[in-house]
Participant: 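Just passing along the structure, written as structure tokens.
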Amino acid sequence: MAEEDDLGAPLIAELHKPPALLPIAQLKDRLLYAIEAFPVTIIVGACINETAQIPQYLFKAGWTNDGSQIAVTQPRRIAATSVSARVAEELGCQLGQEAGYSIRFEDVTSEKTKIKFLTDGLLLREMLVDPLLKRYSVVMVDEAHERSLSSDILLSLLKKVLRARPDLRVVVSSATLDAEKFLDFLAPDDGETINNKTKEEYGTIVSIEGRTHPVDIFYLSSSTNNYIEKAVETVMNIHTSEADGDILLFVTGREEIDDTIDMIADRIVDLPHGSRSLQPLPLYAGLPTDQQMYVFQKAGENVRKLIVATNIAEASVTIEGIIYVVDTGYVKLRAYDPVLGIERLNVVPVSKASATQRAGRAGRTKPGKCYRLYTEADFEALESATFPEIQRSNLAPVVLQLMNLGIQNLVRFDYLSNPPSALVVRALDLLFSLGAVDIHGRLTKPLGTRMAELPLEPMLARTLLNAPTFGCLSEMLSISAMMTLQGTAFVTHDGNQKLLEKARRRFAVKEGDHITLYNVYQAFTNPAVGKQSSQWCRENSLNYKALLKAVSVRKQLRNYLDRMGIQENALASSDAIRVGGMSMAERVQRCLTTGFFAHAARMKSDGSFVTVGGETVLWAHPSSIFFHRKADWVIYHEIQEAKGKVYIRDLTTVEMDWLTEYAPEYYKVKQK
DNA sequence: GAGCACTGC
């Protein structure tokens, strides 16, 4: 590997030091002691084994004898279900008995359940009805180092709960590096006490690092300015000179995956006859499930798999048989511009934690090798952990949820990492303009609390809650459910984009994308048309799994509204809105305006759009029916920048008068 | 004119 090549940057090895292993029995005793003695225990370096074992230790040590439960939160549904299944097996019980899981749409628990795995987002929802989490004696937050929005918020709230409940035990599981930060955050400051405990008495760190196979790390001797070319080079070198074992290559997105696979395909042709072949396979979240399956199938005789993946392979998806990891050192991360309200996807260097996680993917079954396409000095210069999501997201949904939990002052809230105040202010502004927050900064009742309860972003929640007034509740339920699919409804089954566009045209209407998606939902669920079948989806370039999800989401939304006592035909509540002779399309268009007035734009003669203030040039996303058609005023669901161009997605035509009619305050201010 | 990193309720 270390030979000079055209790119002038050979890979050099870092000497590998075998880690010391802590005997499992000793680990158990230390953990049980720590959790007994300290309200807060931070566990460093636990992998799947420990995540499954620790709650069982606690269960067997009597932490649920008083009838309470142990909660283990996960950032992803798949982890909650798979780890709970494993624990149930180890306990020798049926899943849903002593061990179970609870995720959105699926509650596999019973009165007997003692160990409950759930997503961190769902535990946050539980806090609405049980703010002190009284049913749990221990809450374990797994994968805290990922710094997801919900696990960060959960830790803030747990910090408060701990002060009110000296009996509660919080266990935070993190991969290396950040342990001190979590402990500092949850424990009292130096010299202070909480429930009569000093910082030293309040929490402890237990380290169980190094239980996987060793992975040799190689770095470049000098940086490269074309990591894709270097990646192709490295992959080919591994393939021709290293022993058996599949390769996992991390790049940043779909386009890079396609490019890389094309380049590899060109190089494969040059391989000598009779040599082992290389099979490149793409893996990214947007890939339809049937195509993702190839990645998990064993390669044929004399074939080496090369999986070219996004970050999905870093933690969400695990592939057996990976011995070699090639890490370009980059990732695509979301950034939110609070001034323009635009989301961006930026390619940025990974964090040390990410790089370590990526390398670890090579050592799951036996010792492996990781090739980092950057220098050791570059690695040392990386941020230790990924920038927390709370510092780079649209915070309107979070702010709404926190207010509904009784948090009044969002600026002074005790965050694990403070979000930039511009993000908080922007969120409050939006919530105010939607009527969820009053002039005093308090959540309104019932509108604000209802919006917070719905599992929808605020603008969509507001729209749905307005639907009865326009006599289009049923339609808006379907549209809301389809919007949660985030553009995944249509899909190419064989890479044929033309078929997809043809299919889209079959459902398209002149009013725009929302009603087009409504037509898709109607057709899919119609017993005489789509019959909720995968076959029909295939024929219409539709994503079967996504549409099934829409059906579930719609049911759930319907349940929420039923519980709120919201039904169709609440027309009498507002005689200002005359919907009598109005077409259903117009009712939906007007209703959408009441939630998305802040996302209004007008098409210019060149086909681009401008916002009301006229400061930004926008383009219809290629998936919109207005990519090709003319329009005047529209509202859009989402705005995102890609490659320097700002795209708006999911557009529906509106009349300018509706904007001032339904949002007079908002447009009065804007026009000054 | 030509495109979503990844999760979650």
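Throughout, protein chains are lettered first and strands after them, A, B, ... in sequence-line order, and every chain is numbered starting at 1.
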Participant: Without decimals, in angstroms, what is the distance between A:Leu561 CG and B:dC9 C1'?
Facilitator: 15 Å

Participant: With sugar-phosphate meaning primed atoms plus P, OP1 and OP2, does A:Ala620 contact a base, only sugar-phosphate, or nothing at under 4.0 Å between heavy atoms?
Facilitator: base

Participant: Looking at B:dT7, B:dG3, B:dC9, which one has an atom nearest to any side-chain atom of A:Tyr647?
Facilitator: B:dG3

Participant: Rounded off to whole Å, could you give me the CH2-to-P distance for the A:Trp619 and B:dC4 pair?
Facilitator: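 Interatomic distance, CH2 of A:Trp619 to P of B:dC4: 15 Å.
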
Participant: Using a 4.0 Å heavy-atom cut-off, does A:Leu149 contact any base of the nucleic acid, only the sugar-phosphate backbone, or nothing at all?
Facilitator: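 If one applies the 4.0 Å heavy-atom cut-off, A:Leu149 turns out to touch nothing in the nucleic acid.
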
Participant: A:Phe596: which residues meet the ring-ring contact (aromatic ring centres under 6.0 Å, His included) condition with it, sequence neighbours left out?
Facilitator: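 Once residues adjacent in sequence are excluded, the partners of A:Phe596 under the ring-ring contact (aromatic ring centres under 6.0 Å, His included) criterion are A:His637.
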
Participant: Would you indicate, yes or no, if B:dC9 has its OP1 or OP2 atom less than 4.0 angstrom from a side-chain nitrogen or oxygen of A:Ser150?
Facilitator: no

Participant: Mind checking if A:Leu122 touches a base, just sugar-phosphate, or nothing, with heavy atoms under 4.0 Å?
Facilitator: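 The residue A:Leu122 makes sugar-phosphate contact but no base contact.
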
Participant: For A:Lys643 and B:dA2, give me the distance from atom NZ to atom C1', rounded to whole Å.
Facilitator: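 So the two atoms are 9 Å apart, to the nearest Å.
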
Participant: Between B:dT7, B:dA5, B:dC9, spot the one nearest the side chain of A:Leu345, thanks.
Facilitator: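 Nearest to the side chain of A:Leu345 among the choices is B:dA5.
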
Participant: Specify the separation, in whole Å, of atom CZ of A:Phe117 and atom P of B:dG8.
Facilitator: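 Value for this atom pair: 16 Å.
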
Participant: Tell me: CD of A:Glu146 to C1' of B:dT7, nearest whole Å?
Facilitator: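 Atom-to-atom, A:Glu146 to B:dT7, this comes out as 9 Å.
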
Participant: I'd like to know if A:Arg649 reaches the base of B:dC4 with its side chain such that a donor and an acceptor end up less than 3.5 angstrom apart.
Facilitator: yes

Participant: Tell me whether the side-chain N/O atoms of A:Lys332 come closer than 4.0 Å to OP1 or OP2 in B:dC4.
Facilitator: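 No.
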
Participant: Would you mind telling me which residue lines up with the more 5' stretch of DNA chain B, A:Leu485 or A:Tyr560, judged by nearest nucleotide?
Facilitator: A:Leu485

Participant: Return yes if some donor-acceptor pair links the side-chain N/O of A:Asn543 with the main-chain N/O of A:Thr488 below 3.5 Å, else return no.
Facilitator: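 Here the side-chain-to-backbone pair exists.
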
Participant: Describe the nucleic acid contact of A:Arg76 in one word from base, sugar-phosphate, nothing, applying a heavy-atom distance below 4.0 Å.
Facilitator: sugar-phosphate

Participant: What nucleotide among B:dC9, B:dA5, B:dT7 has an atom nearest to a side-chain atom of A:Arg254?
Facilitator: B:dA5

Participant: Using a 6.0 Å distance limit plus a 45 degree cone around the ring axis, check whether A:Arg392 lies over the aromatic ring of A:Phe387.
Facilitator: no

Participant: Sequence neighbours left out, what pairs pass salt bridge (charged side-chain N to carboxylate O under 4.0 Å, His left out) with at least one residue falling in residues 638-649 of chain A?
Facilitator: A:Glu255-A:Lys643, A:Arg344-A:Glu641, A:Glu638-A:Arg649

Participant: Could you state the atom-to-atom distance from CD of A:Gln74 to C1' of B:dC9 in whole Å?
Facilitator: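 Distance check: A:Gln74 CD to B:dC9 C1' gives 16 Å.
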
Participant: Counting the atoms with a prime plus P, OP1 and OP2 as sugar-phosphate, which does A:Thr310 contact under 4.0 Å by heavy atoms, base, sugar-phosphate, or nothing?
Facilitator: sugar-phosphate

Participant: Need one value for A:Glu457: base, sugar-phosphate or nothing, where a base atom within 4.0 Å counts as base even if backbone is also close, heavy atoms only.
Facilitator: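 Here A:Glu457 touches no strand at all.
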
Participant: OP1 or OP2 of B:dG8 less than 4.0 angstrom from a side-chain nitrogen or oxygen of A:Arg125, does that happen here?
Facilitator: no

Participant: Please determine, for the side chain of A:Arg104, which listed nucleotide (B:dA5, B:dC9, B:dG8) has the closest atom?
Facilitator: B:dC9

Participant: Please state how far atom CG in A:Leu333 lies from atom P in B:dC4, giving the value in whole angstrom units.
Facilitator: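 Rounded to whole Å, this separation is 15 Å.
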
Participant: Any idea which of B:dG8, B:dG3, B:dA5 is nearest the A:Pro622 side chain?
Facilitator: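 Per side-chain heavy atoms of A:Pro622, the pick is B:dG3.
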
Participant: Using a strict threshold of under 4.0 Å (side-chain N to carboxylate O), is an ion pair present between A:Glu501 and A:Arg504?
Facilitator: yes

Participant: Mind checking whether A:Tyr227 and A:Tyr330 have parallel, tilted or perpendicular rings, split at 30° and 60°?
Facilitator: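 Taking A:Tyr330 first and then A:Tyr227, their aromatic rings lie parallel (interplane angle under 30°).
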
Participant: Are A:Asp513 and A:Tyr636 close enough that a side-chain donor and a side-chain acceptor fall under 3.5 Å?
Facilitator: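 On atom types as modelled, these side chains do not qualify, holding no pair under 3.5 Å.
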
Participant: Would you mind telling me which of B:dC9, B:dG3, B:dC4 lies closest to the side-chain atoms of A:Arg504?
Facilitator: B:dG3

Participant: Please determine, for the side chain of A:Gln640, which listed nucleotide (B:dC4, B:dA5, B:dC9) has the closest atom?
Facilitator: B:dC4

Participant: Assuming nearest nucleotide by heavy-atom distance, tell me which of A:Glu255 and A:Gly121 is located more 5' along DNA chain B.
Facilitator: A:Glu255

Participant: Can you tell me the distance, in whole Å, between the CD1 atom of A:Ile625 and the C1' atom of B:dG3?
Facilitator: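 Computing the A:Ile625:CD1 to B:dG3:C1' distance gives 17 Å.
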
Participant: A:Lys645 side chain: which of B:dA2, B:dG8, B:dG3 is closest?
Facilitator: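 Of the options given, the side chain of A:Lys645 lies nearest B:dA2.
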
